[in-house]
Protein chains: 2
Amino acid sequence: MFKTNRTHYEKRSQVFKALAHPARLFMVEELASGERCVCELTAMLGLDTSTVSKHLSVLKNAGVVSDEKRGLMVYYSIKMTCVLGFFSCVQKSLDEDVRQQFSTLSA
Amino acid sequence: MFKTNRTHYEKRSQVFKALAHPARLFMVEELASGERCVCELTAMLGLDTSTVSKHLSVLKNAGVVSDEKRGLMVYYSIKMTCVLGFFSCVQKSLDEDVRQQFSTLSA
DNA sequence: GCACTATTTGGCAATATAGCCAAATAGCCA
DNA sequence: TGGCTATTTGGCTATATTGCCAAATAGTGC
């Protein structure tokens with residue numbers, strides 16, 4: 001059932017692993033507005049350049065983003081565009097949970 | 001930019017963290033067909049019952065699934081139904097990558 | 001109550017991830 | 001070439017996750 005095509009599930013989970021970090025989530029949402037160089041993302045995140053670079057390589061290896069070098073800078077942009085649809089789904093569910101907790105409290 | 005609403009991104013990333021494991025991914029897909037008890041999922045996964053139980057609690061805490069106790073058994077079912085749409089997106093992207101690698105090789 | 005089954009929880013060792021610093025690499029310009 | 005900037009890579013420590021076993025909890029039926 002599971003063990004026979006475990007690698008199949010491992011490949012798929014790589015994408016979710018890539019999105020499973022606040023900094024990487026932020027970057028993907030930022031890239032939704034257009035390509036950004038590493039330096040721009042670094043400034044926005046307030047993390048070390050090397051840390052940001054490693055986060056981006058995680059997203060790249062998962063196939064979520066792609067990169068292009070132009071001069072000194074490396075520009076990243078979204079490749080797996082459909083992941084943007086995830087965020088509204090997740091947000092909606094989180095909002096519903098909050099609403100439900102509130103109505104439980106006030107009941 | 002990021003540091004000011006870091007907790008916001010942390011909450012969202014919880015959902016992706018929950019999906020970022022092959023066993024949990026398998027369970028969510030299985031639950032798409034209907035509710036399952038822990039024992040059924042344990043049999044399919046070939047993991048220790050305690051391990052499966054912990055995986056399920058991760059999914060529950062993230063709001064992805066919900067549980068209901070009936071007699072001795074605890075039945076889990078999908079709560080965040082929209083996550084099912086993720087899988088086709090991810091699969092489609094992975095397929096495209098494979099196709100692209102193939103065409104690069106044969107070119 | 002006792003015995004039995006299903007599930008959860010605590011604890012531990014092995015492994016993976018995140019962040020920083022330092023060093024390496026790559027491209028620009030003089 | 002050398003100096004400068006942007007990015008990546010290696011290495012390290014701190015922290016988080018995974019999976020097992022053992023023990024605790026909860027529900028059933030005698």
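The sequence lines fix the lettering, A, B, ..., with proteins before strands; numbering per chain opens at 1.
In this pair, H21(B) and H55(B) present their aromatic rings tilted. The plane angle is within the 30 to 60° band. Taking the six-membered ring where tryptophan is involved, the planes of F87(A) and F16(B) are perpendicular, since the angle between them exceeds 60° and thus also 30°.
A salt bridge is absent between E29(B) and R24(B); no separation between the charged side-chain nitrogens and carboxylate oxygens falls under 4.0 Å. Here E10(A) does not pair with K17(A) in a salt bridge; the nearest charged N to carboxylate O distance is not below 4.0 Å.
Dashed line: the shortest gap from a side-chain N or O of R24(A) to OP1 or OP2 of dA18(C) is under 4.0 Å. Applying the 4.0 Å criterion to OP1 and OP2 of dT17(D), one finds that H55(B) has every side-chain N and O outside that range. Contact annotation: S53(B) does not reach the phosphate of dT7(C) (side-chain N/O to OP1 or OP2, under 4.0 Å). In terms of phosphate contacts, Y76(B) brings no side-chain nitrogen or oxygen within less than 4.0 Å of OP1 or OP2 of dA6(C). Dashed line: the shortest gap from a side-chain N or O of T49(B) to OP1 or OP2 of dT7(C) is not under 4.0 Å.
In this entry dA30(C) has dT1(D) as its Watson-Crick or G-U wobble partner, both defining distances falling under 3.5 Å.
With dG27(D), dG19(C), dT7(C) as the choices, the nucleotide that has an atom nearest any side-chain atom of R6(B) turns out to be dG19(C). Here the nucleotide nearest the side chain of S50(B), chosen from dT28(D), dT9(C), dA6(D), is dT9(C). Nearest nucleotide to the side chain of L47(A), out of dA6(C), dC20(C), dT7(C): dC20(C). Here dA26(D) is the nucleotide among dA26(D), dC20(C), dA26(C) with the atom lying nearest to any side-chain atom of K69(B).
The distance from atom CG of L45(A) to atom C1' of dA18(C) is 13 Å, rounded to the nearest whole Å. Straight-line distance from the CD atom of E10(A) to the P atom of dT18(D): 12 Å, rounded to whole Å. Whole-Å rounding puts the Y75(A) OH to dA26(C) P distance at 20 Å. Between N61(B) atom CG and dT17(D) atom P the separation is 12 Å, expressed in whole Å. Rounding to whole angstrom units, CG of residue D48(A) and C1' of dA6(D) are separated by 13 Å. Across the protein-nucleic acid pair, L56(B) atom CG and dT7(C) atom P stand 10 Å apart, rounded to whole Å. For the pair K3(B) NZ and dG19(C) P, the interatomic distance rounds to 10 Å; values are reported in whole Å. Rounded to whole Å, the distance from CG on L72(B) to C1' on dA6(C) is 5 Å.
Using a 4.0 Å heavy-atom distance criterion, K54(A) is classed as a base contact. K17(A) comes within contact range of the sugar-phosphate backbone alone, with a heavy-atom separation under 4.0 Å but no base atom that close. Across all strands shown, K60(A) has no heavy atoms under 4.0 Å from either base or sugar-phosphate atoms.
A heavy-atom distance below 4.5 Å is found between the side chains of M44(A) and R36(A). Using a 4.5 Å heavy-atom threshold, the side chains of V65(A) and M80(A) count as separate.
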